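This report refers to the structure that appears directly beneath it.
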Amino acid sequence: MPLLTHRPRGTVDVLPREMHRWHYVEAAIRDVCARFGFDEIRTPLIEHAELYVRTTGETTDLLEKETYTFEDRGGRSLTLRPEGTPGVARAFLENGLQNEPMPAKFYYLGPMFRYERPQAGRYRQHTQFGVEIFGAPGPEADLEVMLIAVTFFRSLGLSSLTVHLNSIGCPSCRPAYRQTLIDYYRAHRAELCPDCRRRLERNPLRLLDCKEEGCQPLKQAAPSSIAHLCPDCATHFSRLRSLLERFGLDYTLDPTLVRGLDYYTRTIFEIIYQGLGAQGTVCGGGRYDGLIEAVGGPSVAGVGYGIGLERVLLTLEKENIALPPARGTEMFLAVAGSGAGGGDALADRVQDLLYDLRRAGIAADTDVLGRSLRQQMRYADRRGAKLVVVIGPDELASGQVKVKKMASGEEVSTTLADLAAVAKSLLATTGETDR
RNA sequence: GUGAAUGUAGCUCAAGGGUUAGAGCGCCGGACUGUGGCUCCGGAGGCUGGGGGUUCGAGACCCCUCAUUCACCCCA
């Protein structure tokens, strides 16, 4: 449909009236990251397609069918970033950040692009908040990453989230486990769903999160990766678990939890909200100790997560969590008698006053359409103005004005000279929830 | 990529195959140019998602297409 007036599939317009929700969540992110010692990093929305092939993995669904990849005018194959981690890893190496004090702790915030069928909580352009720690191989880093996510959710008032945890081992123990899994499933090949039969050779770990009814009994009895960890991985995992318990961080051990990206090692986790329907994963992450090497760098450990902000906003809605309202108009200057005796002198004076208020730090506005006082009051009300002051020939002459508190209708007398100061003190005492 | 449901005004929805497609809310204006919320009155706003077909006649029925929503797959 060649409609000029339609946005591309799977994208959203964030309208002015809902923007304060985004700003609030973004402020919460910056605050929690500062407290945990993470610095923001901004990487391009486009990267060389090869970067994702080398990191995310060529045989993952994400790369096989979900990326926006195109050739630019110079013949380069570029990909619109489908996730944040590879770009951060690339920037880390390219800028020599491994020479700065370790560990390196970053966060990022911005749009990701995946060509998928949109549905509840799933978009072709969505916004992710992610963190990465490079150069910290111990389980304390895993803890820190999980803790910052949970702290972020709690700061928004979200508590009904469940943390799912698993460990999928490392290059020294995973191949053997993988083979054990293949052997197990091969013996039951006939009972598997067609999807699983296809995935068996290619990516056997994926069979563990099959949702097909018939595969459930097999899945329950399947050998778990946790039982096949090498000593190092097992120690890492048990230490992490005791740390989590020490912090009272509830989690569910989920041996069927696997991730769709190739670079994960050892710890993987998801944070899930039940009320979102099928797309309930609000945060997904884990450890990726081989990632930096995959990009061509030295061996540097990594751990992090991505949080889908659209899903977080959706969760806040479902949980009926009220966010502070937008700042809005704080003081509206209504012009009286402009048609009659006012003239340019009045208009000029109103403009002066308006700019004075704005310079004083007050969100002030006035009427520029020459409307009746009644219309101006109505407009101020609709715009949510907290205070209104009427300025006309009388006020100019006497220097006396009345500031009206819109929520209560109460009026406070003052002088034109003190207007900004009085407005400020009134705003300070006017509760946010008055309206 | 697969399956299902739904597309009518900015939003939520009416209109049993039959005049000029309506209502509520919202928007703009008037009653009301020195005070908002209430009330009354008026106005703007529609290629009924798009294309084809059936019919004397289609918003409605059929086909295609596009979009939205939900689910699968996968993920945040």
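Please read all numbers here as calculations on a predicted model, not as lab measurements. Each chain gets a letter, A, B and so on, in the order its sequence line appears, and its residues count up from 1.
- Between the C1' atoms of B/rU48 and B/rC13, the separation comes to 13 Å (whole Å).
- Separating the C1' atom of B/rG49 from that of B/rA60 is a span of 16 Å, rounded to the nearest Å.
- Base engagement by A/G392 is indicated by at least one non-hydrogen atom pair under 4.0 Å involving a base atom.
- Base-pair partner of B/rU69: B/rA4 (Watson-Crick or G-U wobble, both distances under 3.5 Å).
- Remark: B/rC56 base-pairs with B/rG18. Criterion, Watson-Crick or G-U wobble with two distances under 3.5 Å.
- Across all strands shown, B/rC38 has no partner, as no Watson-Crick or G-U wobble contact with both distances under 3.5 Å is found.
- Between A/E83 and A/R114, no side-chain nitrogen of the basic residue sits less than 4.0 Å from a carboxylate oxygen of the acidic one, so the salt-bridge criterion is not met.
- Applying side chain to side chain donor-acceptor pair (under 3.5 Å) to A/Y273 and the options A/E319, A/Q279, A/R311 leaves one that passes, A/E319.
- Atom CZ of A/R7 is separated from atom C1' of B/rC66 by 14 Å (rounded to the nearest Å).
- For a distance-only test at 3.5 Å, the side chain of A/R9 fails to qualify as a donor-acceptor partner of the base of B/rC66.
- Comparing A/T11 and A/L373 by the nucleotide of RNA chain B that holds the closest heavy atom to each, the one mapping nearer the 5' end is A/L373.
- The aromatic rings of A/F129 and A/F152 stand perpendicular to each other, their planes meeting at an angle above 60°, with 30° marking the opposite boundary.
- At the heavy-atom level, A/Q375 lies under 4.0 Å from the strands shown only through sugar-phosphate atoms.
- If you check B/rC74 for Watson-Crick or wobble pairing at under 3.5 angstrom, you find it has no partner at all.
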Dump every N/O contact between nucleotides 8-11 of chain B and the protein below 3.5 Å, one line per pair.
none

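- Contact annotation for A/Y123: base contact, defined as any heavy-atom pair under 4.0 Å involving a base atom.
- A cation-pi contact, defined as under 6.0 Å to the ring centre and within 45° of the axis, links A/R371 to A/Y379.
- Residue A/R383 qualifies as open at atom CZ: its count of foreign heavy atoms under 6.0 Å is 12 or below.
- As judged by a 4.0 angstrom heavy-atom cut-off over every strand, A/K404 is placed among the base-contacting residues.
- Among the heavy atoms of the strands lying under 4.0 Å from A/G10 are primed sugar atoms or P, OP1, OP2 only; no base atom is included.
- Nucleotides B/rU39 and B/rG46, compared at atom C1', are 30 Å apart to the nearest Å.
- Across every strand in view, B/rC27 sits in a pair with B/rG43 that passes the Watson-Crick or G-U test at under 3.5 angstrom.
- Across all strands, A/G121 comes closer than 4.0 Å to base atoms (heavy-atom distances).
- Inspection of the A/E310 and A/T127 side chains reveals an N or O donor paired with an N or O acceptor under 3.5 Å.
- Judged by distance alone with a 3.5 Å cut-off, no donor-acceptor contact links the side chain of A/R371 to the base of B/rG29.
- Comparing the same atom, P, in B/rA9 and in B/rA14 gives a spacing of 12 Å after rounding to whole Å.
- Only the C1' atoms considered, B/rA58 is 13 Å distant from B/rA21, to the nearest whole Å.
- Across the C1' atoms, B/rG57 and B/rG17 are found 8 Å apart, a figure rounded to whole Å.
- Separation of the C1' atoms belonging to B/rU33 and B/rG50 is 49 Å when rounded to the nearest angstrom.
- Under 3.5 Å, the side chain of A/R122 and the base of B/rC73 form at least one donor-acceptor pair of N or O atoms.
- The residue A/R114 sits close to a base: some heavy atom pair falls under 4.0 Å.
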| message | Test salt bridge (charged side-chain N to carboxylate O under 4.0 Å, His left out) on A/K405 and A/E411; report intermediate values, then the result. | response | CA-CA 6 Å; A/K405 296 158 96 167; A/E411 290 190 322; over 6 Å; no

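- Nucleic acid contact class of A/G285 (heavy atoms, under 4.0 Å, all strands): none.
- Nearest nucleotide to the A/Q119 side chain, out of B/rA76, B/rU35, B/rA71: B/rA71.
- Using a 4.0 Å cut-off between charged side-chain N and carboxylate O, A/E395 and A/K402 make no salt bridge.
- Across all strands, A/V390 comes closer than 4.0 Å to base atoms (heavy-atom distances).
- Using a 4.0 Å cut-off between a side-chain N of Lys or Arg and a carboxylate O of Asp or Glu, A/R259 and A/E270 qualify as a salt bridge.
- Protein atom CD1 of A/I268 is 15 Å distant from nucleotide atom C1' of B/rC74, rounded to whole Å.
- Contact annotation for A/E270: no contact, since no heavy-atom pair falls under 4.0 Å across all strands.
- Where A/R311 and A/S372 each meet RNA chain B at their nearest nucleotide, the meeting point lying more 5' is that of A/S372.
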